[in-house]
Amino acid sequence: MYGNFGEFLASELASIREQGLHKDERVLEGPQGAEVTVGGRRVLNFCANNYLGLASDPRVVAAAKRTLDEWGYGLSSVRFICGTTSLHKQLEKEMSEFLGTEDTILYAACFDANGGVFEPLVDQDSAIITDQLNHASIIDGVRLAKAQRFIFQHADMESLEAQLKDAAACRFRLIVTDGVFSMDGDLANLEGICDLAEKYDAMVMVDDSHATGFVGARGRGTPERSGVMGRVDIVTTTLGKALGGALGGCTSGRKEIVEWLRQKSRPYLFSNSLPMMVCGASLEVLRILREDPEPLQRLAANQVQLRCGLRELGFDVDEGEHPIIPVHFRRHDNDAMLAQGMSRDLLAEGIYCIGFSFPVVPRGQARIRLQVSAAHSAEQVQRCLDAFAVVGRKHGAI
Ligand SMILES: *Cc1c(COP(=O)(O)O)cnc(C)c1O
């Protein structure tokens with residue numbers, strides 16, 4: 001009996017639309033890339049997680065096709081019944097080698113990896129100490145666990161230390177952080193976190209979804225960048241961003257932890273195996289990362305060009321090193337209107353980017369979040385800067 005529920009939802013939907021909180025989806029009419037087709041127009045894309053430009057890379061597409069021909073489309077099984085192929089084992093082995101860990105367990109998504117990591121590992125006698133700004137999937141995963149929860153102020157080592165002291169009576173302690181926080185592109189202080197973890201006898205887990213493949217000298221992620229590979233006990237990450245962008249995730253780390261997850265982790269036990277074509281394409285991505293330093297180098301150069309260019313134009317852009325580049329409007333009272341209005345006009349200028357305002361970010365912190373990719377050419381980055389100059393002046397933002 002659907003009854004009045006439809007009317008109730010319709011009025012709720014109207015209400016979020018009025019508040020400007022309704023998320024409308026733009027429809028791409030072709031493949032993901034530096035340039036995409038939206039509404040019949042070619043525009044430059046500055047809002048994808050396609051950091052290494054591999055989402056439509058011909059080598060990756062060819063590997064997916066080859067695997068499809070050799071292995072078929074799907075497995076119709078979870079891993080422990082008849083859903084484990086030699087490709088899954090190979091990808092788990094190569095992910096471990098890439099991340100510098102002992103073992104890896106694949107999931108359908110990093111959301112599932114985070115959803116299935118806490119509940120089997122930490123019970124009511126143990127503590128999870130989690131950064132206030134961690135990703136939604138960590139928050140949900142933590143909710144599913146019976147462990148005691150301790151939340152520390154974002155990136156604040158004093159606050160973390162205080163929470164570790166409060167958790168001292170617990171049997172085991174697990175500190176959890178994003179490696180890179182997606183709204184600002186800021187990196188976790190993993191050295192500080194690992195030092196405190198040692199001092200207070202805690203384990204460390206890092207969700208490196210916005211880092212695996214391109215942060216660190218060889219793209220191994222934030223533990224490599226911070227010099228703490230081997231001191232992080234658990235890494236979760238996604239295949240759905242830099243590593244080809246299709247879907248898939250994993251938990252990687254100490255071998256006993258991974259073996260335990262294979263026995264107990266519910267999204268692994270009760271959800272289908274990753275499609276073989278994703279495994280085959282991901283193996284090709286890892287091969288490219290081993291043998292071809294160009295995407296990493298181009299991404300770094302593009303990041304510097306865009307960030308420095310925006311700062312030179314007079315935009316409110318923080319220093320940083322990550323390809324997430326937020327353009328703030330902190331000097332303006334009408335920050336939300338600027339973020340929305342400018343992103344609309346930028347699209348008209350052929351630049352696709354997204355404005356974020358309250359409640360996605362705190363009030364007064366509206367921004368346009370740019371994400372640059374190795375797929376962009378220097379000329380395309382310059383076109384983005386030119387459009388920002390024109391639109392920024394029109395709106396009085398610079
Ligand atoms: C994107 C993201 C996820 C989700 O990854 P999926 O594989 O798309 O489910 C999890 N954690 C963080 C930090 C992310 O940025």
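Computed from a predicted structure; not experimentally measured.
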Between [Y] and [X], do the side chains contain a donor N or O and an acceptor N or O under 3.5 Å apart?
X	Y	result
Asp208	Thr237	no
Ser265	Tyr107	yes
Ser15	Gln19	yes
His332	Asp316	no
His135	Asn114	no
Asp335	Gln365	no
Ser373	His376	no
Asp131	Thr177	no

One thing to verify: whether [Y] and [X] come together as a salt bridge, which I'm taking to mean a side-chain N less than 4.0 angstrom from a carboxylate O.
X	Y	value
Arg231	Asp195	yes
Glu349	Lys394	no
Glu319	Arg311	yes
Arg171	Asp123	no
Arg59	Glu284	no
Asp140	Arg143	yes

**Item:** Residues, nucleotides or ligands: over 12 heavy atoms within 6.0 Å of Arg330 CZ
**Value:**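 Correct, the count exceeds 12.
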**Prompt:** Any chance CZ of Arg225 has more than 12 other-residue heavy atoms, nucleotides or ligands included, within less than 6.0 Å?
**Reply:**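 No - once you tally the heavy atoms of other residues, nucleotides and ligands closer than 6.0 Å, there are 12 at most.
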**Request:** Evaluate the side-chain proximity of Leu239 to Val285: yes if any heavy-atom separation is below 4.5 Å, no if none is.
**Result:**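 A side-chain contact under 4.5 Å is absent here.
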**Item:** Aromatic contact, His322 with Phe181 (centres under 6.0 Å)
**Value:**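 Ring-ring flag for His322/Phe181: false, centres at least 6.0 Å apart.
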**Message:** Test side-chain hydrogen bond (donor to acceptor under 3.5 Å, both in side chains) on Ser273 and Arg79; report intermediate values, then the result.
**Reply:** CA-CA 6 Å; Ser273 296; Arg79 287 287 297 274; 4.8 Å; no
**Request:** Identify the residue among Lys93, Lys255, Arg262 that makes a salt bridge (Lys or Arg N to Asp or Glu O under 4.0 Å) with Asp103.
**Result:**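 Only match with Asp103 under salt bridge (Lys or Arg N to Asp or Glu O under 4.0 Å): Arg262.
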